[in-house]
Amino acid sequence: MVPPSPEQPGNRTALQILKEQGKLTSDTVAARVGDELVDLHSPVSNPAMVVPVVKSDLDALRVIRHSASHIMADAVQRLFPGTKVTFGPATDKGFFYDFDRPEGQFSESDLERIEAVMKQIIADNIPFRREVISKEEARKLFEGMNETYKVEHIERLEGEITIYRHGDWVDLCAGPHVLSTGCVPAVKLTSVAGAYWRGDERNPMLQRIYGTAFTSDEELQRYLDALQEAKNRDHRKLGRELDLIGFHKLAPASPFFMPRGTQVYNRLIEYLRALYSEYGYLEVISPQIYDNELFRISGHLPEYAENMFAATTVESLEESADRISKRSDFDAPSLQRELEQSLRYGVKPMNCPGHCLMYGMNRRSYRELPMRMADFGRLHRFERSGVTQGLTRVRTFSQDDGHIFCTLDQIQSEIASFLDLVNRVYKDFGFSDVRVMIATRPDERLGSDEAWDRAEEALKQAVKAKGLPFEIAEGEGVFYGPKIEFHINDALGRPWQLGTIQVDFNLPERFDLTYVGEDNQHHRPVMLHRAIFGSVERFLGVLIEHVGGAFPLWLAPEQVVLLTVSEKVNDYAREVLLQLQLQGIRAVSDFSSDKLGAKIRNARAMRYPYLAVIGQKEAEQKGVSLRSRDQNKDLGFTSLNALVDIIRREGVPFSMRNN
RNA sequence: GCCAUCUUAGCUCAGAGGUAGAGCAACGGUUUCGUAAACCGUAGGUCCCGGGUUCAAAUCCCGGAGAUGGCUCCA
């Protein structure tokens, strides 16, 4: 690392200052002055406040990655003259740079070439240099280079404009950067993708190249290994290998649950049902298809129409055709109206409108509140083809949906109770590290400020009362009310939003829902939307990846598999199988003529929690030789009673165990 | 929807303008075996679909479907 020494007059550089103060270490990447990140090679005005930013610092990684993106853009323009640069920031996992390349796209093999040139630029160890210029100079500079996107962006900038050079290459950039290109220790280009200029789909499509950079080759390798591990745990891969789920092109983005997957799915729902009876929910079943009038009342039409499946009948279509054929003067608008009329029904994308109808079917008393309605009804949403993904983004799914009708005063205690429930559930699935996010009123909203004040305060108070740390997402609430979101990290540290609870002032209003209060007057209830899993499909997908396909004993499709050493013990093994099944244990068997080693290998691939080996010895002593999946070792001879005890004890979620 | 990539046996993948390959799985047989793969054999294909170019297309071109990675990070 040979630092350049800028010959600028006046202030000394952060590098010089740190060196004088004896704070400069070999892993210093940049510096911080107050809150501001600065280059090592640029002059700073107040030396007393300069602090080094070292490699282990998260900010250091961003600086390195941002510099890597410049190096990449340089390499791209060397290899593909005429390509224009746009934006190239560091991201959480690496960096990207968006290019406008007239000849078209970059291919995967281009990435290798670009990477090779990048490595050369890094080896050349070219110093980065920051310059402050006027808007006019900047405009002239980038116009001269025909960098039209940069020129466009300059017009949006105010105040000081900075550019960064390394060698001949220059970019409009806020910085900061590392000392020189040699200070990017490990870099790798990962993928190409299309991206719109400024992220707006009305703008031209640019070519985005993704890459990542780390402070060492070891760190980079660890990241690549983690990517590989994520690939191995991918629920689409495991879902097929373990015969849990399937997809077919005749039902795009709609999962099929194979028998084994259905077992897990149903067990998830049974588990919640058990909790619901404890937490005072009443389960309901509501229709799938409604007259569109419902969705007009709820506001889903026209707002949500593009995500809904329309439904109709032949009768309705024939009536429309009839009317059209009888009139010759149909113009476009009336045809449009006719079409809408013929599509009389809609498939529900949410349960709430139906639940509002159910609430309104009886006169409600304050004594009935809070009324907690749960529904595992199937929902259909039309997701655009590019956004669907495995189980995590599908077109048909069910939610562990629930709606609580209550008074404003009851919100806080309802939230408190829900927080208990959510935490208990996540703990049972081994999700630690739950983060709570409170989203407050957006600019465009429904309901009085007073109601918002009370609702937001109720959310905060309830969370505080539980002693839970939380973050506020200012203005991120939905238009109809504030909400709490629950985010978890899975076993690979990836974040997921699962549960939520949302206050809704809107729907009770639209459906004119009321209850009779103590005062014998009609009052408007508040509605809470809440879910713990979110979509059951998505939750299962996350869970599969979290446990790597190895479901806990209480969820596993099979709890134990019997493996015979030879045919000679098949009779005894059959008897054991029957005994276990009679005791309610989910037991299966492998009586094939494979050798024991192969049977164990196959059984492990299927992630059976327990393997029970049965040979001559076990048949004589009336037991099995038990092997645990999670410990991956032989636990020795186990009697049948002991086996049943083990499975019964472990076959229950943590929070429902007696001891 | 848009950009890129992909689609060959149930699965994982190789191949390639001259007519289809492997491993695993399946099926049949031999073996009866003690803690992560016994052996032999059989069968399995509209090379995603439709059109075009060609003497010849699974391969090249066009269109479509489905899938995969992106389309939030802001000079």
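Chain naming here is simple, since letters A, B, ... match the order of the sequence lines and numbering starts at 1 in each.
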(Q) By the 4.0 Å heavy-atom rule, please label A:Gly636 as base, sugar-phosphate, or nothing. (A) nothing
Q) Which class fits the ring pair A:Phe309 and A:His380: parallel under 30°, tilted 30 to 60°, perpendicular over 60°? A) perpendicular
Q. Expressed as a whole number of Å, how far does the P atom of B:C27 sit from that of B:U7?
A. 30 Å
Q.
A cation-pi test, strictly: NZ or CZ of A:Arg65 under 6.0 Å from the centre of the six-membered ring of A:Phe214 and no more than 45 degrees from its axis. Yes or no?
A. yes
Q: Round to the nearest Å and state the distance from A:Lys595 atom NZ to B:U35 atom C1'.
A: 12 Å
Q: Return the value, rounded to whole Å, for the distance between atom CZ of A:Arg101 and atom P of B:C3.
A: 16 Å
Q.
Measuring to OP1 and OP2 of B:C71, would you say a side-chain N or O of A:Tyr210 lies under 4.0 angstrom away?
A. yes
Q) For the side chain of A:Arg604, counting heavy atoms from C-beta on, which of B:G34, B:C73, B:A36 is nearest? A) B:A36
**Q.** Criterion salt bridge (Lys or Arg N to Asp or Glu O under 4.0 Å) on A:Glu155 and A:Arg139, from CA distance to verdict
**A.** CA-CA 8 Å; A:Glu155 299 310 319; A:Arg139 198 181 289 133; 2.7 Å; yes
Q: Sticking with atom P, work out how far B:A67 lies from B:U30, rounded to a whole angstrom.
A: 46 Å
Q) What nucleic acid atoms does A:Arg627 come within less than 4.0 Å of, heavy atoms only: base, sugar-phosphate, or nothing? A) base
Q.
For A:Asp98 and A:Arg208: C-alpha separation, side-chain torsions, deciding distance, then whether salt bridge (Lys or Arg N to Asp or Glu O under 4.0 Å) applies.
A. CA-CA 4 Å; A:Asp98 286 345; A:Arg208 174 172 296 183; 2.7 Å; yes
Q. Quick one: A:Asp98 CG to B:C73 C1', roughly how many Å, whole number?
A. 11 Å
Q) For A:Leu596 and B:U35, what is the distance between atoms CG and C1' respectively, to the nearest whole Å? A) 5 Å
Q.
Taking only the C1' atom of each, what is the distance from B:U59 to B:U54 in whole angstrom?
A. 13 Å
Q: Compare the minimum distances between each of B:G69, B:C48, B:G34 and the side chain of A:Ser191, then state the nucleotide with the smallest one.
A: B:G69
Q: Write down the distance between CD1 (A:Ile614) and P (B:G34), rounded to a whole number of angstrom.
A: 16 Å
Q: Determine the interatomic distance between P on B:G45 and the same-named atom on B:U8; round to the nearest Å.
A: 15 Å
Q | Residue whose closest nucleotide on RNA chain B lies nearer the 5' end, A:Ala598 versus A:Leu206 | A | A:Leu206
Q. So does A:Lys150 pair up with A:Asp171, basic N to acidic O under 4.0 Å?
A. yes
Q) According to the Watson-Crick and G-U wobble definition with distances under 3.5 Å, which dot-bracket string, read 5' to 3', encodes RNA chain B, using [ ] for crossing pairs and | for pairs with another strand? A) ((((((((.[[[[.)..(..]]]].(((((.......))))).....[[[[[..)....]]]]])))))))....
Q. With a 3.5 Å cut-off and no angle check, do the side chains of A:Thr83 and A:Gln77 form a donor-acceptor pair?
A. no
Q: Have a look at A:Asn602 and say if it touches a base, only the backbone sugar-phosphate, or nothing, with a 4.0 Å heavy-atom cut-off.
A: nothing
Q) Looking only at atom P, what distance separates B:A56 and B:G15, rounded to whole Å? A) 27 Å
Q) From the list B:G1, B:G34, B:U12, which nucleotide is the closest neighbour of the side chain of A:Val387? A) B:G1
Q: Please find out if less than 6.0 Å separates the ring center of A:His487 from that of A:Trp496.
A: no
Q. Taking only N and O in the side chain of A:Arg198, is any of them less than 4.0 Å away from OP1 or OP2 of B:C71?
A. no
Q) Reckon A:Arg236 has a side-chain N or O less than 4.0 Å from the OP1 or OP2 of B:U68? A) yes
Q) How far does the P atom of B:A57 sit from the matching atom of B:G1, given to the nearest Å? A) 32 Å
Q: Indicate, with a heavy-atom threshold strictly under 4.0 Å, whether A:Gly597 touches base, sugar-phosphate, or nothing.
A: sugar-phosphate
Q.
In whole Å, measure the gap between the C1' atoms of B:A14 and B:A22 for me.
A. 7 Å
Q | Pair A:Phe128 and A:Tyr164, ring centroids less than 6.0 Å apart | A | no
Q. How are the rings of A:Tyr97 and A:Phe99 set relative to one another: parallel (under 30°), tilted (30 to 60°) or perpendicular (over 60°)?
A. parallel
Q | Minimum-distance nucleotide to A:Pro252 side chain [options: B:U32, B:G34, B:A67] | A | B:A67
Q) Which is true for A:Ala90 with a 4.0 Å heavy-atom rule: it touches a base, it touches only sugar-phosphate, or it touches nothing? A) sugar-phosphate
Q) What interatomic distance, in whole Å, is found between C1' of B:U31 and the corresponding atom of B:G23? A) 23 Å
Q) Looking at B:U35, B:C33, B:G1, which one has an atom nearest to any side-chain atom of A:Arg384? A) B:G1
Q: Quick one: label A:Arg240 by what it contacts on the DNA or RNA (base, sugar-phosphate, nothing), any heavy atom closer than 4.0 Å.
A: sugar-phosphate
Q) Would you say the side chain of A:Arg601 and the base of B:A36 hold a donor-acceptor pair, judged only by whether the two atoms sit under 3.5 Å apart? A) no
(Q) What contact category does A:Lys633 fall into here, base, sugar-phosphate, or nothing, at under 4.0 angstrom with non-hydrogen atoms? (A) nothing
Q. Under 4.0 angstrom, heavy atoms only, what part of the nucleic acid is A:Glu147 near: base, sugar-phosphate, or nothing?
A. nothing
Q. Can you tell me if the side-chain N/O atoms of A:Gln389 get under 4.0 Å from OP1 or OP2 in B:G69?
A. yes
Q. With distance as the sole criterion, is a donor-acceptor pair present between the side chains of A:Thr148 and A:Lys84 under 3.5 Å?
A. yes
Q. Counting any heavy atom closer than 4.0 Å, what does A:Ala253 reach on the DNA or RNA strands: base, sugar-phosphate only, or nothing?
A. sugar-phosphate
Q: Go through the N and O atoms of the side chain of A:Glu306 and the base of B:G1, and report whether any donor-acceptor pair is under 3.5 Å.
A: no
Q: Assess whether one donor atom and one acceptor atom, taken from the side chain of A:Ser625 and the base of B:U35, lie less than 3.5 Å apart.
A: yes
(Q) From the set B:U31, B:A36, B:G34, return the single nucleotide nearest to any side-chain atom of A:Ser593. (A) B:U31
Q) Where the side chain of A:Gln207 is defined as all heavy atoms beyond and including C-beta, which of B:C3, B:A36, B:A38 is the nearest nucleotide? A) B:C3
Q. When the distance from NZ of A:Lys150 to C1' of B:C74 is rounded to whole Å, what number comes out?
A. 10 Å
Q: Specify the separation, in whole Å, of atom NZ of A:Lys599 and atom P of B:A36.
A: 14 Å
**Q.** Nearest-angstrom distance from the residue atom CZ of A:Phe96 to P of B:G69
**A.** 18 Å
Q.
Tell me whether the rings of A:His70 and A:His177 are parallel (<30°), tilted (30 to 60°) or perpendicular (>60°).
A. tilted
